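All values reported here derive from a predicted model rather than from experimental measurement.
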Amino acid sequence: MVARHTSVDAKSKSTVVDMKGHLLGRVCSIVAKKLQNGEKVTLVRCEETNISGSHIRNKLKKLDIMKKRTLTNPKKGPFSVRSPSDMITRVLHGMITKNERNHAKRGKLAMKRLKCYDGVPASIEKTKRMLCPAALRTLRLAQGRDYCRLGRLSHELGWKQQAVVANLEEQRKIRGAKYFESKKAYLQLWDQCKAAASKEHPEQAALLAQYGY
């Protein structure tokens, strides 16, 4: 009797992307491909994402979508999301093909590998955050073109946590500044100790310098 093969998930890469200053469609297309390739992606500061086009134009488009209801029973939807993180999740859901996200295991697992946050949670405060140069507004949007911020758009459409997220972000930046100053002082002390040790033991220092230390 032949034993049945069972698949085991490989240890996937994990990437944290800072969404500030990125164009929504461009960055989501890159993230969607990474998710389908088996990588785990965490998006932070979703409220700072940019959308091309003026604020009023994007707001009118979103309001038009939010008015749609099932005529016979509005409880059946369609349902509109209001927070920036949920909006980005919705965009990524649409970028994964319909067949995969509804019927295939690959699409459902891809969405499970995604995490979106408004602001930066404390658990990943000190994790290195990446950028996508191919999706940055300053590089990809022509100078003088209109754009809007997703956080403001969400706030005017009914998102109620803008002030809370802004307050938490201020506290995080204060903590980050203190951590940076302490790290800078530690590195300065390390350089002084290293210089003193090299002066005291020049032969060992010369030997270590050959190997890049």
Side-chain angles (χ1 to χ4, degrees), residues 7-50 84-85 88-89 92 95-96 106 109-143 147 149-151 165-213:
S7 62
V8 179
D9 291 336
K11 189 175 181 181
S12 56
K13 293 181 182 178
S14 182
T15 308
V16 180
V17 180
D18 189 349
M19 296 292 283
K20 183 176 181 180
H22 288 81
L23 289 172
L24 180 64
R26 287 181 179 272
V27 70
C28 284
S29 63
I30 296 168
V31 170
K33 192 61 181 177
K34 285 185 174 292
L35 291 171
Q36 287 179 311
N37 287 340
E39 295 185 33
K40 293 179 181 177
V41 182
T42 304
L43 307 179
V44 297
R45 294 212 284 181
C46 292
E47 73 280 1
E48 298 292 342
T49 311
N50 296 141
S85 55
I88 290 176
T89 304
L92 286 162
M95 285 186 175
I96 295 173
R106 184 188 179 206
L109 291 175
M111 291 306 296
K112 285 183 179 179
R113 287 189 287 269
L114 172 70
K115 290 181 182 178
C116 296
Y117 296 103
D118 300 318
V120 182
S123 59
I124 52 176
E125 252 183 43
K126 296 178 182 178
T127 307
K128 186 176 182 180
R129 298 190 288 274
M130 311 299 288
L131 298 177
C132 297
L136 285 173
R137 175 185 57 79
T138 52
L139 299 178
R140 304 306 299 171
L141 193 65
Q143 191 174 7
Y147 67 93
R149 198 172 63 88
L150 188 58
V165 172
N167 185 27
L168 291 172
E169 279 295 284
E170 285 181 14
Q171 295 175 17
R172 179 188 65 82
K173 288 175 183 177
I174 292 169
R175 289 196 302 270
K178 287 182 180 178
Y179 172 74
F180 177 71
E181 290 299 324
S182 63
K183 185 178 179 181
K184 196 162 63 171
Y186 170 77
L187 290 174
Q188 188 176 5
L189 184 62
W190 172 259
D191 290 337
Q192 291 174 2
C193 294
K194 189 177 177 182
S198 299
K199 190 175 181 181
E200 189 175 347
H201 304 284
E203 294 180 0
Q204 287 83 348
L207 182 63
L208 289 170
Q210 295 177 4
Y211 297 97
Y213 293 101

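Closest non-hydrogen pair, Ser85 versus Asp118, comes out as N-OD1, 3.1 Å. Nearest heavy atoms, Ala135 versus Ile30: CB-CD1, 4.4 Å.
Within the structure, salt bridge (Lys or Arg N to Asp or Glu O under 4.0 Å) contacts touching residues 197-213 (residues at least two apart or in different chains) do not occur. Identified under the salt bridge (Lys or Arg N to Asp or Glu O under 4.0 Å) test for residues 22-43, with sequence neighbours left out: Lys34-Glu39.
Residues Leu150 and Asn50 have side chains not in contact (no heavy-atom distance under 4.5 Å, counting atoms from C-beta outward). Residues Met19 and Val17 form a side-chain contact, since some pair of their non-hydrogen atoms from C-beta on lies under 4.5 Å apart.
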If you look only at distance, which donor and acceptor atoms sit under 3.5 Å apart when one is on a side chain in residues 184-195 and the other is two or more places apart or in another chain?
none

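Checked against side chain to side chain contact (heavy atoms under 4.5 Å, CB included), Arg172 has the following partners two or more places apart in sequence or in another chain: Arg45, Val120, Glu125, Arg129, Glu169, Arg175. In terms of the side chain to side chain contact (heavy atoms under 4.5 Å, CB included) criterion, residue partners of Thr42 (sequence neighbours excluded) are, by chain and number, Val16, Val44, Lys115, Tyr117, Ile124. Every residue two or more places apart in sequence or in another chain that forms a side chain to side chain contact (heavy atoms under 4.5 Å, CB included) with Leu141 is listed here: Leu23, Ser52, Arg137, Arg145, Tyr147. Taking the side chain to side chain contact (heavy atoms under 4.5 Å, CB included) definition, one finds that Leu136 meets it with His22, Thr138, Leu139, sequence neighbours left out.
Rounding to the nearest 0.5 Å gives a distance of 3.5 Å between SG of Cys46 and CD1 of Ile88. Atoms CZ and OG, from Arg113 and Ser14 in turn, are 11.5 Å apart once rounded to the nearest 0.5 Å. From Arg106, atom CZ reaches atom CG of Asn37 across 6.5 Å, with rounding to the nearest 0.5 Å. Remark: Lys128 NZ to Thr15 OG1 distance equals 11.0 Å, nearest 0.5 Å.
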Show, in sequence, the C-alpha distance, side-chain angles and deciding distance for Arg149 and Thr49, and conclude whether the side-chain contact (heavy atoms from CB on, under 4.5 Å) test is met. CA-CA 6 Å; Arg149 198 172 63 88; Thr49 311; over 6 Å; no

Check the pair Leu168 / Gln171 against side-chain contact (heavy atoms from CB on, under 4.5 Å), numbers first and verdict last. CA-CA 5 Å; Leu168 291 172; Gln171 295 175 17; 4.2 Å; yes

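The one candidate from Val27, Leu114, Thr89 that meets the side-chain contact (heavy atoms from CB on, under 4.5 Å) condition with Leu43 is Leu114.
Of the possible polar contacts, one joining the Glu47 side chain to the Gly119 backbone as a donor-acceptor pair under 3.5 Å is found.
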